[in-house]
Engineer: 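To start, I am sharing the structure in question, which I have written as structure tokens.
Naming: A, B, ... by sequence-line order, numbering from 1 per chain.
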Amino acid sequence: MLIRILFLLFVCACSTFVSADDLLKRYLPETCYQTGEFEQQKPLGKTQKLLTSQGRFAFSCNKGLVWRTQSPLLETNLYQLKGRQWLQSGDAPLQELNGKIHRHLGNILNQLIGGNQQFLNKHFAMVEQDKTLMLTPKQSRMKKFLQSIQITLTDNAVIIKMQHPDNFTQVRIFNINNRDSLNQTECREFTQTSDEICYRLFES
Amino acid sequence: MNTTLASTLTLWQNTCRWLLVSLSLLMLVFALVSLKTGIHLDTNLRSLAPSFSKDDALNQALNQLSANASQSVMLVLAHPDQDVVDQASELMQELVEAAIETDKNNLLVYNNAADITRTYQALLKNHAFYFLGDQAKAALINRNEKHLNQLALSNLYGSASQIQLTDVSYDPFGFVNEYAVALLNNLTATMQAESRLVQHQGQSIYIAPQLLQINTDGFAMATQAAALQQIQQLQNQLRQKFTDLQIYESGMIFFAADSAQSAQADIGLISLGSTIGVILLMLLVFRSLKAFLLPMISIGLGVLFAFLLCQTLFGAVHILTLVFGASLIGVVVDYSLHYFYFCVHQQQMHNPHILLTAKSAFYRALLLSLLSSVVGYAALAVSGLEALTQIAIFSAAGLIFSWLFVVVCGHHLTRSVKVYDGFLNHWIAKTISALQVFAKGRILFSLLVALIISLTLSIPGMQVSDSPKALINTNQELVDREQLVNSWISGYEPASFVVVSGESEQQVFDRIATLRNQLSKQKGIFPESTNLLAVDQLLPSPQTQQQHYQLNQWLYLSNNQFITNFIKQQGLEELLNVEELQTQLVKQSAASAKDLFASGNSIPSLWVESSLDKKILSFMLIPKHTKITELQKILQGLDGLVYFSAVDETREGLQHLRESALQYLLLALSFIALLLLYQYKFKKSLYLIAIPIMSLCGSLILLMLFNIPISLFHVMALFLVLGLGIDYVVFVAEMTSANLENANDGDFFPAIVLSSVTNLLSFGLLALSSMPAVNAFGVTLLFGCTLNLLGAIWLVAIWRKTFLISVNQSN
């Protein structure tokens, strides 16, 4: 009798056990070329007032990410996979960003958008709770600026909430288009950025 | 005078005996109490170096910077696999953090940006309207509202908002945040612990530097051991998990610990060696354990008295004092040896007149011997080095107390002690006999003049060494490891700075700006992506702060329509109130550098305001691998900016001390010559002073012949050579003359020989020390004591021939 109970428990456990890879495939399927739109929200300082911005992005798994904010300001971030980052505010010239934390956050965004399973498995512990995938950094160094990432799937959108020590950033990605390829022209046309941005992305 | 002195001494002996015994008992009680409360040993090797400057404020600041440097430890984790290095780095951080939380005795913390950030946030909050980021400043100067709006939006919504170091309540536009983020990125650039690829022995490996701070002075031995143990434990824990992980250490604590260990080993060697040597010699000559009573008690009480006195005067006894204190054994035992010989031979003096004369001569000789040794040690006190001053007081106090004990209580401890020195007498007699040919004053003084001339001619070519390396034991393995780590990791020079002086805070900033301007015209002075770290990177100048304030006045007071519209457009009415912001602006004052560095945080203290002369001093940290010569050239043409190197300053300090010490040596020689002149007639005092002068010249010449560069410590040892030399010649003068009617007037000479041998045993062992400073003492004393002994033997031969014959002839 005991053996039967144990066997049943084992079967039940197996049937509910989902690997980290499976979770990621479900929530963040790995993709190489992607475009889409986003809506980003973050609280103002320690208050509850949410600041909302909208924009578009273009992602190439072997080049990087162009993140174009269109409202309420015009700003473009370029996150190269190699690690370099640039910022263009409005029509101002492109400036390279050198901060370590900027670099880390940019890298994480690149890997999340691309659903890079190898990276995410290596650096995060994963658990599914209430239809939300919770990623917790394994490295305490990363935890100092990023406590967790929560990924929730809704109709045609993915919500990524990055919890920082003092606040959070929530990004809703929608109108996602997984593409077979992405070139410089297509990048520029979709993101509506300057020539230089997409040029730098594809030259890297 | 002789009769008076002897009677006085006898009376004094009787009255002082009980006083001394009581004092000794008191000392023992005090010592027992001290043992319970804890004996304080000063193990700080920094006190061996001269002060950097006469300015106390500057000294304090430089000592503080040195202390900070001594507290930094770098552990570089290395492995061909980057994942291993990253995981090890992660584990190490966890271990350190766990230790901080669970172990109250933990000394290790990570030197990271968190502390600096926290300190800075407090500063920004209180002086927010005096700080502006570069972009914000440019937009405000141009009064370009469109640009200002764009910037503010970017700070609220864009990538600039990813790192928030300020709060919207006092920084609604994020203009201060822009400044703070740029500052943090600058400061933390060298604190990175991320792994990177380097080449090592032809292989590519990944390294991750771990910069730790130890919460203790790296030069203090007591806590050094604890810190090193924790570092070792950390490494062991890492190696348990990552067996082939390489860990490279870098930091001043490793050098200090190595030197301290050498010093401790030296104490053991010298004490043991001296003690064994002296014991064997005593057994050989006296063949009785009773003979140990007087020397052991006098040495024990003398050292105890010296130790307690130094503990009372200085609060702690330096480890170097103990090293030299161990060599006192050889000097103190001399008094007992002389006393033994005197007591043995006075039994053979049946004539009361002869006995009294001999007694007077003996005590006079003993007193002069003490005085000359004390003068020799006392000269160390004027060296200017705190550690040497303590050694002087320790040694002089120990000698005086031991001497007192021997004189006052010796009689009771020397009964039935016999001397078995036939072999020694025989050897001495043969030697003196052999020297009869040379026992002429002409030869003595000719040799003396020749030595003086040789020395004078050699002085221009004399090698000198004022290197601060004399103060530590340089371990080549440690040096190689340090150089390897330095080749991988950038950082700042721990003991070199640019010192900027000024009458006002603004003047200091202006001078720094001038230097940066000059440096920007010349490429390649600093390694790539590095520059001098100075206060201007941590704080805007007073003038710049005022400019920022005026710009903010325009923004918040004169043009408050902009801010009102912005708040309304962004729907921030509930959070921000223009009147409150305006009130804050009016109340605030500029941030001062003094306040920033006085807050006791992780930011290195780069600012000193001297209360003495109202001067302000600021330090600029120099990146490692900077082309110092080129930097110095640029500094030469600029006012108020000097290059400071602790090594160079210490070297100059030691040079100055060495040169002064030579002058003091001549002064001491003159004083002793006058003393001898007072006691003896001109001709006799000339013969007596000739021997120590010959020993001094001979020691210096021998050092040069052996290609040993002369340092301060060699010169300090010459003081002891002088003191000990006078000791011997005084006994020759007194005990030979005193025994005019005694056929065996050479019977006192074995005491001099034994005395000399014990000195050689104790001081000579110092020559085996691995610490260059101690080694210098030992070698000089080895030469000097040997020459003193030979000179004393020669003097006996000359003295007999010159003075005893003339006396006999007159009789």
Engineer: Check whether A/Leu51 gets within reach of chain B through its side chain, its backbone, both or neither, counting any heavy atom under 4.5 Å.
Structural biologist: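 Answer is both: backbone and side chain atoms of A/Leu51 are under 4.5 Å from chain B.
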
Engineer: Could you pull out the closest heavy-atom pair between A/Leu74 and B/Gln150, with the gap in Å?
Structural biologist: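 Shortest heavy-atom contact: O-NE2, 3.1 Å.
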
Engineer: Does CG belonging to B/Asn142 count more than 12 external heavy atoms closer than 6.0 Å?
Structural biologist: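 Enclosed.
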
Engineer: Side chain, backbone, both or neither: which part of A/Ser89 has a heavy atom under 4.5 Å from chain B?
Structural biologist: both

Engineer: What I'd like to find out is whether the side chain of B/Gln135 reaches to under 4.5 Å of the side chain of A/Gln95, using heavy atoms alone.
Structural biologist: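 Result yes, sub-4.5 Å side-chain heavy-atom pair found.
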
Engineer: Counting heavy atoms not belonging to B/Gln569, are there more than 12 under 6.0 Å from its CD?
Structural biologist: yes

Engineer: Are the side chain of A/Lys49 and the backbone N or O of B/Glu574 linked by a donor-acceptor pair below 3.5 Å?
Structural biologist: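 Such a contact is absent between A/Lys49 side chain and B/Glu574 backbone.
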
Engineer: In terms of heavy-atom proximity below 4.5 Å to chain B, should A/Lys138 be classed as side chain, backbone, both, or neither?
Structural biologist: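 Answer is backbone: N, CA, C or O of A/Lys138 sit under 4.5 Å from chain B.
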
Engineer: Going through the checks in order, is the side chain to side chain contact (heavy atoms under 4.5 Å, CB included) test met by B/Asp83 and A/Lys122?
Structural biologist: CA-CA 10 Å; B/Asp83 281 345; A/Lys122 184 179 171 185; 2.7 Å; yes

Engineer: Would you confirm whether A/Glu75, through its side chain, and B/Ser159, through its main-chain N or O, come within 3.5 Å as a donor-acceptor pair?
Structural biologist: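 Judged by distance alone, yes, a pair lies under 3.5 Å.
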
Engineer: Counting only N and O atoms by type, is there a donor-acceptor contact under 3.5 Å from the side chain of B/Gln93 to the main-chain atoms of A/Gln139?
Structural biologist: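 No: the side chain of B/Gln93 does not pair with the backbone of A/Gln139.
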
Engineer: Using a 4.5 angstrom heavy-atom cutoff, name the option from B/Glu90, B/Gln570, B/His147 with the most pairs to chain A.
Structural biologist: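 Of the candidates given, the most pairs with chain A belong to B/Glu90.
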
Engineer: Kindly check if the number of other-residue, nucleotide or ligand heavy atoms within 6.0 Å of NZ (A/Lys143) is above 12?
Structural biologist: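 Count over threshold, so yes.
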
Engineer: Of the backbone (N, CA, C, O) and the side chain (C-beta and beyond), which part of A/Gln40 lies under 4.5 Å from a heavy atom of chain B, both, or neither?
Structural biologist: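 Side chain of A/Gln40 only, per the 4.5 Å heavy-atom cut-off to chain B.
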
